[in-house]
There are 2 protein chains.
Amino acid sequence: MSTHSEKYGGSIDLSHHLSDVAKNRELSPLKGLQKYMQKPGIISMAGGTPPTDYFPFAKLSGDLLVHDSFPLSSSSSSTSFSWLWKLFGVADKTKTDTVSVSKLPDVPGGLSLAALLQYGPATGDPHLAKAIREFSANVYQPAYSDWTTLVSVGNTEGWARVVQTLFNPGEGFLVSEWTYPSALAGARPYNLKPVPIGMDGEGMSAISLREVLEGWDESARGIKRPHVMYTVPVGQNPTGATMGAERKKAIYDICVEYDIIIVEDDPYYFLQQGEYVPRDARVDSREEHDAEKFIASLAPSFVKFDYQGRVIRLDTFSKTIAPGCRLGWFTCNPLFAERLERAGETTTQSPCGFGQAMVASLLTHWQYDGYIRWLQALRLQYKHRRDFLIDSLADEFHLDLSIGTSGFRNGSQVYNVSFKRASAFSEKHSAQDGRPIFSFVPPSSGMFVWLKLHLEDFVPPGSPSAKIGIKQLETNLWVAVAEAGVLLGPGLYFSATPVTDDMHGDGHFRLSFSSTTEEDFKRAAKLLSTTFRKFIKDL
Amino acid sequence: MSTHSEKYGGSIDLSHHLSDVAKNRELSPLKGLQKYMQKPGIISMAGGTPPTDYFPFAKLSGDLLVHDSFPLSSSSSSTSFSWLWKLFGVADKTKTDTVSVSKLPDVPGGLSLAALLQYGPATGDPHLAKAIREFSANVYQPAYSDWTTLVSVGNTEGWARVVQTLFNPGEGFLVSEWTYPSALAGARPYNLKPVPIGMDGEGMSAISLREVLEGWDESARGIKRPHVMYTVPVGQNPTGATMGAERKKAIYDICVEYDIIIVEDDPYYFLQQGEYVPRDARVDSREEHDAEKFIASLAPSFVKFDYQGRVIRLDTFSKTIAPGCRLGWFTCNPLFAERLERAGETTTQSPCGFGQAMVASLLTHWQYDGYIRWLQALRLQYKHRRDFLIDSLADEFHLDLSIGTSGFRNGSQVYNVSFKRASAFSEKHSAQDGRPIFSFVPPSSGMFVWLKLHLEDFVPPGSPSAKIGIKQLETNLWVAVAEAGVLLGPGLYFSATPVTDDMHGDGHFRLSFSSTTEEDFKRAAKLLSTTFRKFIKDL
């Protein structure tokens, strides 16, 4: 089904990365009973398991969309999502099959509520665990032989378990200078210190990473050199950058050199949309469904370069099935997996049985190939959404393409955005001189467009606005936009280091294109234009 | 619907109990956006939420047993569970109704997969949260006014969140001398020290508690006086003891005096079975369904005495619906609830949407009264199971009733168990002299019978067995029983203090009567008899 690269041997000994908490976790004494539990005919009076007769659900059923509900076509027009449906007639997002799980298995060895609604191991339902392992083998292709997978309750819980497993309080961890706020929020209570690394168009910069590590001065920094990196390498949150194979290899090699564990939080892996092509240059296209070809077209995971077993990959069904699944998995070395499993036993135990039942049913019913077909189409949906948002901005603003030369935009296509000349519009401060109000790099993956706001360029010297820092300026604009009817992600939430009141420079907004309707994209672009105009005029 | 006792004012300030980790948790900055999120017509481009169109499940359905599937009758015969069904003809554990949740609500404001499968708040689905709050109000009746409820992912996760919220590493916590191993396992990695408190027939002893606290010697103990108590007050695990109102009041008052937070882990609350009546004295009975009367017949929760808000009650659907729900809730003061909610946000987020959908559907469909009817019958099922197990022991052993005078049996009915005189049996060491091999107090709640093993009474002086401690002796018997085909809970797993090799005294086994079939109860009793005989003979 897939071409695995030749495997290295097993993972190397990385036990020195384990936290004191992780080392102190004991194998449940009940595990010692397991050899007897398997014994045929054994009468178990050991556990506090209710009899399945008392489970009030006799059957659980789901109306499941067919796996090819969404088309594999991309259109050059972006006037309407429904256009796609009409033209190709492939998709029918109302056609469903029924999947169900009864109290007793419908086929020998099949899924059953008797098992799924009972206490279960932290390794999850065996059918689900098997499907997940096969998926990681085919799609991510870890480079060493003894890698393993383990279910989690989603990537937030996955990261929380990693925090407990790898960190002693007060340690530092490497992170992109702009990063996912919830990952920071999960680490902060344990007094963990994010150490920001510079970015470019592919996300975290290998050059910046080496500089930070090489020049690490423990006494100046107040903490030891970090031994863990947290990264969202695909559809980086918030910048939307995607890290290609070469960059990943370079970063991996540095992590080998400095003995760093890479935590690859990768919820957007299947939302890889490729380069943004302006509307006028866009052509219709239609993909064939070919699982292997599709997988090969995607940026590889860090685990594909992981010949030592130093990557903990976090996967989730949140973006590919639904967030409410609260189901994901780790792909990592067996030592970490065992400690993560122990941590699961005394926290979430196993994931919810109803959720496991439906996700396992989906994977069983669609099969691997059907699920990949679903993912292949899903990414086109997000591509279309991204395109529609940028097109909507192009309708309301003037977009100028350039190539970024510094920071996280280095080498990327950058759109500089200025106001369109409005004929019946007269302004005191004309921002119609072509100076960019904001700029952005079209994201190649994920759900977000990251705007850099050049607000301070428009602040008249000596005005009250000149006295406030970018934090307040960004917040003022955010509030103005929200009051006008559009809710954006405030840029300062994504800074790995706190933004203080006296800082000057560019502000940022994160625009999500994941769930807005076409009409609202258009309305939002219009509202941004009028609000920005007014805001800049009043500076 | 229920008679609430007069409420005290609000909870007192207990913020000094919060751990450093809990204090460091920040309100998610995104919470600041909430006031705008509610605004009608707002276009949200802030979050990374997939559109509900891409959720592959259009509908989730469950075949739900009718709420009166199990009878409210108790029979004096215990030859067969099925007897109940036959005689009263009330129960039909195959009769089901269909409950379902569609992508969009079937009624305005109703449950929907669009909401349940989306990212949700750590407070859970509002329908579920409301039902849970009403349930706690009606059933547990907290004594103060500003108590609140908050969903968890079951009591193991609930306790894990409490550990993070109340403890700094290395602190001690009060616990019964015999206790639930998983609670210890969840605390041990953080170097928390269980401080065992003596027990009697109602579980934790108030006298022993006061002694420990009064005489606390920090330098001798090496730790500060504990500020948290962990307790399973109903169907205490492993002893099966139930703490009545008076004892709870006494313990609560001591906790007020010494400023202690009570964590009430109460999974067996609805498995209150009352006193064991020997088979010959048992009479048929049939209860009426009356929710209020039924609730009033149960031992009250600690929260009913909690006029200061110092109880964190942990509830779970694991024993009343199914463990696979992975759903439970906290009942506690608003300060702790807020910190526990923050902890949820960066770990499990919200409970699984599929599970919430089905549990909320059950509660909505059965309604409060129907759910109470289910619980009322469920407890009779477990009563019958308990009776059947003890009856089975009585078939194979000789049982002598006495009143306990010390330790956790003080004041309780104690059954001393010796071998029956087997006519065609000749033994070297005759244990047929009436000396008890083991003894037990019939549990009044829960799922377990706790056997005290008097093995050392049978060890011939100078024999090899006399040289080994009770740990090894218990283990040897456990293995012999397991090899014979019965898996029991090894007593030493439940000791709050480690059992060392050189300790002497009584051993223990925990026998679960939760899920064994009638035939297996009988087989198990026979196997215990023959294995114990052989084991004692060979000592």
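Convention: sequence-line order gives letters A, B, ...; per-chain numbering from 1.
At a 4.5 Å heavy-atom cutoff, the contact between Glu345(B) and chain A is made by backbone atoms alone. Residue Met358(A) touches chain B through both its backbone and its side chain, counting heavy-atom pairs closer than 4.5 Å. The contact between Phe448(B) and chain A is made entirely by side chain atoms (from C-beta outward), counting heavy-atom distances below 4.5 Å. With a threshold of 4.5 angstrom between heavy atoms, Pro351(B) approaches chain A through N, CA, C or O but not through any side-chain atom. Val163(A) does not touch chain B: none of its heavy atoms, backbone or side chain, sits under 4.5 Å away. For Ser318(B), the parts sitting under 4.5 Å from any heavy atom of chain A are the backbone and the side chain alike. Of the two parts of Val101(B), neither the backbone nor the side chain holds a non-hydrogen atom closer than 4.5 Å to a non-hydrogen atom of chain A. In this structure, chain B has a heavy atom under 4.5 Å from the side chain of Leu527(A), while its backbone stays farther away. Residue Arg523(A) touches chain B through both its backbone and its side chain, counting heavy-atom pairs closer than 4.5 Å. Interface residue Trp366(A): only side-chain heavy atoms are found under 4.5 Å from chain B. Contacts between Leu389(B) and chain A at a heavy-atom distance below 4.5 Å involve the side chain alone, from C-beta outward. Neither the backbone nor the side chain of Pro169(A) comes within less than 4.5 Å of any heavy atom of chain B. Only the side chain of Leu378(B) comes within contact range of chain A, with at least one heavy atom under 4.5 Å from a heavy atom of that chain. Leu327(B) does not touch chain A: none of its heavy atoms, backbone or side chain, sits under 4.5 Å away.
Ranked by heavy-atom pairs under 4.5 Å with chain A, the list Ala187(B), Ala115(B), Pro267(B), Gly48(B) is led by Gly48(B). If you tally non-hydrogen atom pairs under 4.5 Å between each of Thr49(A), Asp20(A), Leu511(A), Thr348(A) and chain B, the highest count goes to Thr49(A). Among Lys39(A), Arg326(A), Glu483(A), Arg25(A), the residue making the largest number of heavy-atom pairs under 4.5 Å with chain B is Arg326(A). Of the listed residues (Gly324(B), Ala322(B), Ser19(B), Gly41(B)), the greatest number of heavy-atom pairs within a distance under 4.5 Å of chain A belongs to Gly324(B). Of the listed residues (Gly186(B), Gly355(B), Gly485(B)), the greatest number of heavy-atom pairs within a distance under 4.5 Å of chain A belongs to Gly485(B). Chosen from Ala357(A), Pro56(A), Ala22(A), the residue pairing most often with chain B at heavy-atom distances under 4.5 Å is Pro56(A). Your options are Tyr382(B), Phe509(B), Tyr268(B), and the one with the most heavy-atom pairs under 4.5 Å with chain A is Tyr382(B). The greatest number of non-hydrogen atom pairs below 4.5 Å with chain B, out of Met447(A), His67(A), Arg342(A), is found for Met447(A). Of the listed residues Ser182(A), Gly154(A), Cys325(A), Ala185(A), the one with more heavy-atom pairs under 4.5 angstrom with chain B than any other is Cys325(A). The candidate from Ala183(A), Cys352(A), Gly353(A), Ala160(A) with the greatest count of non-hydrogen atom pairs under 4.5 Å with chain B is Cys352(A).
How far CD1 of Ile321(A) is from CG of Leu117(B): 10.0 Å, rounded to the nearest 0.5 Å. Atom OG1 of Thr94(B) is separated from atom CG of Asp53(A) by 11.0 Å, given to the nearest 0.5 angstrom. To the nearest 0.5 Å, atom CG of residue Leu184(B) and atom OG1 of residue Thr346(A) are 11.5 Å apart. We find the CG-OG distance between Asp63(A) and Ser102(B) to be 7.5 Å, quoted to the nearest 0.5 Å.
For the pairing with Gln349(A), the side chain to side chain contact (heavy atoms under 4.5 Å, CB included) check across Thr156(B), Val153(B), Asn155(B) returns one residue only, Thr156(B).
A 4.5 Å side-chain heavy-atom check between Met45(B) and Phe521(A) finds at least one atom pair inside the cut-off. Between Gln164(B) and Gln164(A) there is a side-chain heavy-atom pair separated by less than 4.5 Å. For the pair Ile43(B) and Leu487(A), the minimum side-chain heavy-atom distance is 4.5 Å or more. Side chains of Phe55(B) and Leu65(A) form no contact here, defined as non-hydrogen atoms less than 4.5 Å apart. In this structure, the side chains of Asn24(B) and Tyr190(A) stay at 4.5 Å or more apart for every pair of heavy atoms. Put simply, the side chain of Val486(B) does not reach to within 4.5 Å of the side chain of Ile42(A), judged on heavy atoms. Pro50(B) has its side chain within reach of Pro323(A): a pair of non-hydrogen atoms, C-beta onward, lies under 4.5 Å apart.
The six-membered or imidazole ring of Tyr54(A) lies away from that of Trp374(B), with a centre-to-centre distance of 6.0 Å or more.
Around NZ of Lys59(B), the count of heavy atoms belonging to other residues, nucleotides or ligands within 6.0 Å does not exceed 12.
Inspection of the Thr347(B) and Glu157(A) side chains reveals no N or O donor paired with an N or O acceptor under 3.5 Å.
Across Ser512(A) and Gly47(B), no two heavy atoms sit closer than the pair OG-O, 2.8 Å.
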request  = Please assess Thr96(A) against Phe57(B) for the test side chain to side chain contact (heavy atoms under 4.5 Å, CB included), listing each intermediate value before the final yes or no.
outcome  = CA-CA 8 Å; Thr96(A) 57; Phe57(B) 289 95; over 6 Å; no

